[in-house]
2 protein chains.
Amino acid sequence: MVDPLDPTPLYVQVADAVAARIKAGELKPGQPIPSEKTLQQDYGVARGTVRQAVAVLRDRGLVITVPQRGTFVKPA
Amino acid sequence: MVDPLDPTPLYVQVADAVAARIKAGELKPGQPIPSEKTLQQDYGVARGTVRQAVAVLRDRGLVITVPQRGTFVKPA
DNA sequence: GCGGATTTGTACGTATGTATG
DNA sequence: GCATACATACGTACAAATCCG
């Protein structure tokens, strides 16, 4: 999934990986993406890195974060 | 400048403080704003907090950051 | 051209607060 | 009450590019 040797920043790699899962339909509109803790474990990165990745996805308009609820795939 | 007891997040308080200095003409278009290290010292907050504050200013379109150069007040 | 200082970028870790389930 | 989940804030370390003497 993520490659520490790839010069691409880890948080971008994680963002791309999650974006791919959305595009593939594994994560559907309206559904929550895995929590920060789960993403940490899935990709083996620190929480701060996960948060940066999610921020990228928000910037791209792919997801919406609802405080204390979770982060959801944005409906088309 | 910043008030730890104010429920407003510190990074927003710092962003507002810098925005005020821009608006007041203390920091002029094309000029660099103080470095992250300087802002840390000026406001007594951690670097991460400063970086979040600068990110807010970028989102507001007030400044532009050039890697390894600095962050500059955006020309009108 | 060289080397150190500066400045931003990335990454990790930890603690606490607040709201939700 | 407890577990979950995001928000804020602190700290550290190293990398990369730039600037300046």
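The structure displayed is predicted, hence computed values, not measured ones. Because only heavy atoms are used, hydrogens play no part in the values below, and waters and symmetry mates are left out as well, while side chains stay in. Chain A is the first sequence line, chain B the second, and so forth, proteins listed ahead of strands; every chain is numbered from 1.
Put simply, T49(A) has a side-chain N or O that comes within less than 4.0 Å of OP1 or OP2 on dC12(C). Within the 4.0 Å cut-off from OP1 or OP2 of dA11(C), not a single side-chain nitrogen or oxygen of Y11(A) is found. Contact between the side-chain N/O atoms of S35(B) and the OP1/OP2 oxygens of dT7(C) is found at a separation under 4.0 Å.
The two residues R21(A) and L39(A) come nearest to each other via the heavy atoms NH1-CD2, 4.5 Å. In plain terms, the two heavy atoms of E26(B) and Q31(B) that are nearest each other are O-OE1, 4.3 Å.
Under 3.5 Å, the side chain of R47(A) and the base of dA7(D) form at least one donor-acceptor pair of N or O atoms. In this model, a side-chain donor or acceptor of Q68(B) finds a partner on the base of dT8(C) within 3.5 Å.
With dC12(C), dC10(D), dT8(C) as the choices, the nucleotide that has an atom nearest any side-chain atom of R51(B) turns out to be dT8(C).
One interatomic measurement links the two molecules: CD of Q13(A) to P of dT10(C), which rounds to 12 Å at whole-angstrom precision. One interatomic measurement links the two molecules: OH of Y43(A) to P of dA11(C), which rounds to 15 Å at whole-angstrom precision. Whole-Å rounding puts the Q52(B) CD to dA9(D) P distance at 7 Å. Atoms CG (L10(B)) and C1' (dT16(C)) sit 13 Å apart, rounded to a whole Å. Protein atom CG of L39(B) is 13 Å distant from nucleotide atom P of dC10(D), rounded to whole Å. When the P atom of dT7(C) is taken as reference, atom CZ of R69(B) falls 12 Å away, rounded to whole Å. To the nearest angstrom, P of dA9(D) lies 14 Å from CD of Q40(B). Residue K37(A) contributes atom NZ, which lies 14 Å from atom P of dG13(C) at whole-angstrom precision.
With T49(A) as reference, L10(A) is the one residue of V12(A), L10(A), V54(A) to meet the side chain to side chain contact (heavy atoms under 4.5 Å, CB included) rule.
Using a 4.5 Å cut-off on side-chain heavy atoms (C-beta onward), L27(B) and P32(B) make no contact.
If you find the closest nucleotide of DNA chain D to G48(B) and to V66(A), the one lying nearer the 5' end belongs to V66(A). Nearer the 5' end of DNA chain C, as judged by each residue's closest nucleotide, is the contact made by I33(B), out of I33(B) and G44(A).
G70(B) comes within 4.0 angstrom of sugar-phosphate atoms only, judged by non-hydrogen atoms across all strands, and of no base.
For D16(A), the salt bridge (charged side-chain N to carboxylate O under 4.0 Å, His left out) test picks out R60(A), with sequence neighbours left out.
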